[in-house]
2 protein chains.
Amino acid sequence: MPKRVDHRERRALIADALMRVAADQGLEAVSLRHVAAAAGASPGMVQHYFRTRDEMMTFALSVIRERNEARVSRAVAALGGSPRPRELLRAMLSELLPLDEERRADGRVALAFLAYTAVRPAVAAALHDETAALLGFLAAQIRAGGAAPRVDPDRAAVGLLAVLEGLGIYLLGGHYPPETALAALDAQLDLIFGPETPKS
Amino acid sequence: MPKRVDHRERRALIADALMRVAADQGLEAVSLRHVAAAAGASPGMVQHYFRTRDEMMTFALSVIRERNEARVSRAVAALGGSPRPRELLRAMLSELLPLDEERRADGRVALAFLAYTAVRPAVAAALHDETAALLGFLAAQIRAGGAAPRVDPDRAAVGLLAVLEGLGIYLLGGHYPPETALAALDAQLDLIFGPETPKS
DNA sequence: CCGTTTACATTGCGACTGTATTGGAAACGG
DNA sequence: CCGTTTCCAATACAGTCGCAATGTAAACGG
C-alpha cells in the first residue's frame, strides 16, 4: 500500500472551503481554483478528490443536510427525556433558522443550492423524499400534541414547514431581526396548539 | 434627430429574453451572448442598451417586481368593489404563488435573484422597504378582518408572508402540487381569521 | 532495492466570460 | 447634399472556466 490519506477528511476539508466561498461570494464563484485557494491547496488536489465540479457540488449539498441533521438531533437531545410535541417542534425548528452568523452562512449556501436545484430537477428529486418525511413527522407531532380540533394536521404541517422556510429567507435577507422570526414561529405554534399555558 | 427607437421597448424585449434564459438555465447562464441569442439579436445590441451586465440584472429584477405588482392589482381589481379583508388577502397571495407554468418560470428567476442578492447586500436593501410596506398592509388587513382576539396582527402578518414565501419555494421544488399549497394557504387564513363560514 | 500505487502539483487547451473599441447603416436637421 | 447623431454589428482582448494530461514525490509490498 502506497501513501495513504484519510479520504473522508480531505473531502470534508474541501467541502468546508467550498462553503466559505459560496457563503460570501455565491455559488457562481465556486470554481476549482477558488475553492482550492480557500482550502490552502492546489487546484490539482481538489481535482484529485472530485473529478468534476458537479460531484463537488452534490457532495457539499449533502454536507449541508448532514449539518442540519446534526444540529437538530443535538437540540433534541438537549431537551432530555420525552418533551411535549410543541417543545420538540419549537426546539427543532428554531434550530433550523439562521439565527446566528454560522447558520446564516450555511443558510446562504442552502439558498444558493435551492436556486441551483430549481434548474436541475434531477438533483431536486433527492430532496423530495426528505421533505415528505419531514412533513409526515411534523403532522404526527401536531396530532400527538393535541392541536385544536379545527386544524388539519397535514395542512398545518405544510404551513409550518413553509413558515420555517419563509422565515429563513427573510432572515437571510435581513428584512427583520431574529427575535421577530422567533416570535412569528411561536405565534404559528400558538395558532396550531393554542396559546401557551404559562405555569403559574 | 437621427434614427429613433423606443428605448423602453427594447429594454423590455431584452429583459424578457433574459428571463427566459434565467428561468431554464439559471442566473449563472445569463451572459450577454446568451441573452442576445435568446432575443434574436446581436450581442452588440444588448450592450447598446445595457452597458454592463449588472445593469441588465438589476433591470430584470425590477421587471419581476413590476410583473408581480401587475398581477396583484389585476387580481384585486377582478374582485370588484370592497371585498372582505380575508378574500382580498386570499386573492392577492394566491396570485403570487407559482401555480402555473408562467408564474413558475418567473418564480425560478425570482428565487435565483434571492440567492443573488443574498451575497450583494446593497441590492437587498432595496427590497427591504418593500417587505416592510407589505407587512404593514397585511397587518392592517388582518386587523380590519376581525381576526380572532388571540392573534397579534403584526406577528400573524410576518407568519403569513413567510408561509407565502415558503409555499412558493416548495412549489418550485415540486415537492407538492398546487392544490396542496392552496389548501395550506387557506388553512393559514383559517388559523388567523377563524374557519370560513360557508353561506348555506 | 524495486516497482507499483496513491497523492498531489503543474501545465496546457479550448471554450467562454464581460467589456472596450471600431465601423458602418440609417435617419434626421441644416 | 452633408454632417451629425443614434443604432447596432463585429471584432479584439484579457481573464476565467472546467477538465485532461503529465510529472513527481512518497510510501508501501515483494
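By convention in this document, chain letters (A, B, ...) are assigned in the order of the sequence lines, proteins followed by strands, and residues within each chain are numbered from 1.
Distance B:Met57 CE to C:dT17 P: 12 Å, rounded to the nearest Å. Rounded to an integer number of Å, the gap from A:Leu32 CG to C:dA9 C1' is 14 Å. Per the geometry, NE2 belonging to A:His48 stands 18 Å off P belonging to D:dG23, to the nearest Å. Put simply, CD on A:Glu28 is 18 Å from P on C:dC16, counting in whole angstrom units. In this entry the distance linking CZ of B:Arg11 with C1' of D:dT6 reads 16 Å, nearest Å. A:Arg53 has its CZ atom 8 Å from the P atom of D:dC19, to the nearest Å. Rounding to whole angstrom units, OH of residue B:Tyr49 and C1' of C:dG18 are separated by 20 Å.
Residues B:Leu111 and A:Phe113 do not share a hydrophobic cluster, clusters being chains of Ile/Leu/Val/Met/Phe/Trp/Tyr side chains in contact below 4.5 Å. Clustering ILVMFWY residues whenever any of their side-chain heavy atoms sit less than 4.5 angstrom apart, transitively, puts A:Leu97 in a cluster other than the one holding B:Ile169.
The residue among A:Ser42 and A:Arg33 whose nearest nucleotide of DNA chain C lies closer to the 5′ end is A:Ser42.
Taking only side-chain nitrogens and oxygens, A:His34 comes nearer than 4.0 Å to OP1 or OP2 of D:dC17. Taking 4.0 angstrom as the limit, A:Ser31 places none of its side-chain polar atoms (N or O) nearer than this to OP1 or OP2 of D:dT16.
Contact annotation for A:His7: no contact, since no heavy-atom pair falls under 4.0 Å across all strands. Within 4.0 Å (heavy atoms only), A:Val30 reaches sugar-phosphate atoms of the nucleic acid but no base atom. Within the nucleic acid shown, A:Arg10 comes within 4.0 Å of sugar-phosphate atoms alone, with no base atom in reach, counting heavy atoms only.
Of the candidates D:dG18, D:dC8, C:dT17, D:dC8 carries the atom nearest the B:Met45 side chain, counting heavy atoms from C-beta on. Nearest nucleotide to the A:Thr52 side chain, out of D:dC8, D:dC19, C:dT19: D:dC19. Nearest nucleotide to the A:Gln47 side chain, out of D:dC8, C:dT10, C:dG18: C:dT10.
Between B:Asp154 and B:Arg143, at least one side-chain N (NZ, or NE/NH1/NH2) sits under 4.0 Å from a carboxylate O, which counts as a salt bridge.
In the displayed structure, A:Glu55 atom CD is contacted under 6.0 Å by more than 12 heavy atoms of other residues, nucleotides or ligands. Residue B:Arg8 qualifies as open at atom CZ: its count of foreign heavy atoms under 6.0 Å is 12 or below.
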